[in-house]
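Throughout, protein chains are lettered first and strands after them, A, B, ... in sequence-line order, and every chain is numbered starting at 1.
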There are 2 protein chains.
Amino acid sequence: MKLTTKGRYAVMALADLARFNNINPVSLRDISLRQGISLDYLEQIFSKLRKKEIVQSIRGTQGGYILNKKAKEIKLINIFEAVDEKIKTVQCKKESKKGCNGKPTKCLTHDLWDELENHITYFFEQKSLEDLIKDNLTRRV
Amino acid sequence: MKLTTKGRYAVMALADLARFNNINPVSLRDISLRQGISLDYLEQIFSKLRKKEIVQSIRGTQGGYILNKKAKEIKLINIFEAVDEKIKTVQCKKESKKGCNGKPTKCLTHDLWDELENHITYFFEQKSLEDLIKDNLTRRV
DNA sequence: ATAAACCCGAGTAAAATAGTCAAGTATCAT
DNA sequence: ATGATACTTGACTATTTTACTCGGGTTTAT
Ligand code: FES
Ligand code: FES
């Protein structure tokens with residue numbers, strides 16, 4: 001059970017963006033340098049973030065990205081959804097009435113994993129980008 | 001972020017074992033058939049569970065495994081630890097004072113992931129095998 | 001015109017996962 | 001005693017997923 005770099009980097013990059021999100025757009029190159037994430041990889045991630053309207057892009061020289069909403073309104077769950085960082089605990093298809101090994105009923109542990117998924121999702125629903133930068137106000141990164 | 005089969009199957013198999021854990025040991029073959037998990041794979045998993053003293057083995061005909069403690073005392077966290085299902089959210093080494101990309105300070109999101117890890121771990125610390133079988137008393141599996 | 005930036009899709013090496021397989025040893029029922 | 005059942009161990013491997021890279025484009029400020 002571990003976090004993949006897609007989710008991690010997306011949040012990292014957006015935290016960086018939120019910090020420097022004044023009037024001027026922030027370029028991926030800057031984020032790449034500050035956070036130590038490959039530029040090419042960042043482009044992939046931001047392409048998804050833009051499609052889900054979490055950021056806006058500004059092309060051309062002096063271009064970059066800006067947040068599309070207030071940091072307070074961007075919850076981690078939105079970011080994770082945007083970059084396809086799934087939280088997958090059950091093995092079966094949730095909609096299906098069948099169990100995980102093709103059995104007609106749900107397995108012994110299905111409800112447990114479902115509960116776990118809710119537990120984790122709750123965390124991501126609560127936390128916003130703003131929480132993140134507030135917590136780090138005193139730090140230099 | 002997803003659960004691997006090792007953790008999932010370990011809990012599934014132990015839930016099955018806890019249910020049928022009367023006087024007689026339960027053979028992996030039975031668990032394999034009931035839960036649809038490969039016997040060879042179960043053997044790997046139970047080898048670890050035995051080494052961590054979560055189950056006891058009884059060899060020979062009519063042999064099998066029994067729980068080594070009361071179902072109430074076996075928390076999911078113990079099971080996960082036994083089979084090396086890790087909960088890994090931070091990228092850096094936790095003990096190290098360095099950040100994840102080799103930087104001298106912890107990254108912007110380190111505390112967040114740490115909090116997430118605690119949040120998930122808490123869930124596994126609370127839940128016991130007993131909770132699992134209680135919840136399923138009414139079910140037929 | 002040039003350079004800085006975003007945009008897009010395909011491709012790929014490495015790591016992790018999810019097992020399988022082979023060759024045992026112990027114990028019980030008969 | 002003997003066979004069958006079941007645990008024990010370690011190595012090996014196919015598949016999938018991850019974590020990128022690469023090559024080409026387009027837009028825009030200066
Ligand atoms: S996880 Fe849903 S039925 Fe097993
Ligand atoms: S996750 Fe610990 S420093 Fe980045």
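Residue Ser38(A) has a polar side-chain atom (N or O) positioned under 4.0 Å from OP1 or OP2 of dT21(D). Distances shown here put a side-chain N or O of Tyr65(B) below 4.0 Å from the OP1 or OP2 atom of dT8(D). For the OP1/OP2 pair of dC7(C) and a distance below 4.0 Å, the side-chain nitrogens and oxygens of Ser57(A) include at least one atom meeting the criterion. The phosphate of dA19(D) has OP1 or OP2 within less than 4.0 Å of a side-chain N or O from Thr5(A). Taking side-chain N and O atoms only, Tyr9(B) has no distance below 4.0 Å to OP1 or OP2 of dA18(C). Proximity of Arg50(B) to the phosphate of dT8(D): a side-chain N or O atom is located under 4.0 Å from OP1 or OP2.
Within residues 77-94 of chain B, no residue approaches DNA chain C, by heavy-atom distance under 4.0 Å.
The distance from atom CE of Met1(B) to atom P of dT17(D) is 17 Å, rounded to the nearest whole Å. For the pair Gln56(A) CD and dA5(C) P, the computed distance is 18 Å after rounding to whole Å. We find that CD1 of Ile45(A) is positioned 14 Å from P of dC6(C), with the value rounded to whole Å. Atom NZ in Lys6(A) sits roughly 13 Å away from atom P in dT21(D) (whole-Å rounding). Rounding to whole angstrom units, CG of residue Leu39(B) and P of dA18(C) are separated by 18 Å. Between the P atom of dC8(C) and the CG atom of Leu42(A) lies a distance of 16 Å, rounded to the nearest Å. Rounded to whole Å, atom C1' of dA14(C) lies 13 Å from atom OH of Tyr41(A). The distance between atom CG of Asn68(A) and atom C1' of dC6(C), rounded to the nearest whole Å, is 16 Å.
Between His119(A) and Phe123(B), the two ring planes are tilted [angle within 30° to 60°].
Side-chain contact of Glu85(A) with Thr4(A): a donor-acceptor pair under 3.5 Å is present, judged by distance alone. For Tyr41(A) and Ser32(A), the side-chain atoms include no donor-acceptor pair closer than 3.5 Å. No side-chain donor from either of Asn68(A) and Glu53(A) sits under 3.5 Å from a side-chain acceptor of the other.
Taking both residues in full, the closest heavy atoms of Val26(B) and Asp30(B) are given as CG1-CB, 4.4 Å, listed atom of the first, atom of the second, then distance.
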request  = Summarise how protein sits on nucleotides 21-30 of chain C as a single string, 5' to 3': B when a protein heavy atom is under 4.0 Å from the base, S for sugar-phosphate-only contact, - for no contact.
outcome  = B--BBBBB--
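Using a 4.0 Å heavy-atom criterion, one finds that Lys2(A) contacts the sugar-phosphate atoms exclusively.
Proximity of Leu17(A) to Ile66(A): side-chain heavy atoms (C-beta onward) are nowhere separated by under 4.5 Å.
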inquiry  = Evaluate Lys127(B) against Glu115(A) for salt bridge (charged side-chain N to carboxylate O under 4.0 Å, His left out), listing each step before the verdict.
reply    = CA-CA 11 Å; Lys127(B) 285 275 174 189; Glu115(A) 208 181 319; 3.0 Å; yes
inquiry  = Is there a salt bridge (charged side-chain N to carboxylate O under 4.0 Å, His left out) between Asp84(B) and Lys48(B)? Walk through the geometry before answering.
reply    = CA-CA 9 Å; Asp84(B) 302 311; Lys48(B) 295 185 179 194; 3.2 Å; yes
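Residue order along DNA chain C, read from the 5' end via each residue's closest nucleotide, puts Lys51(A) first among Lys51(A) and Arg8(B).
Using a cut-off of 4.0 Å between Lys/Arg side-chain N and Asp/Glu carboxylate O, Lys72(B) and Asp131(B) are scored as not salt-bridged.
Residue pairs meeting the ring pair (Phe, Tyr, Trp, His ring centres under 6.0 Å) criterion with at least one partner in residues 48-69 of chain A, sequence neighbours excluded, are Phe46(A)-Tyr65(A).
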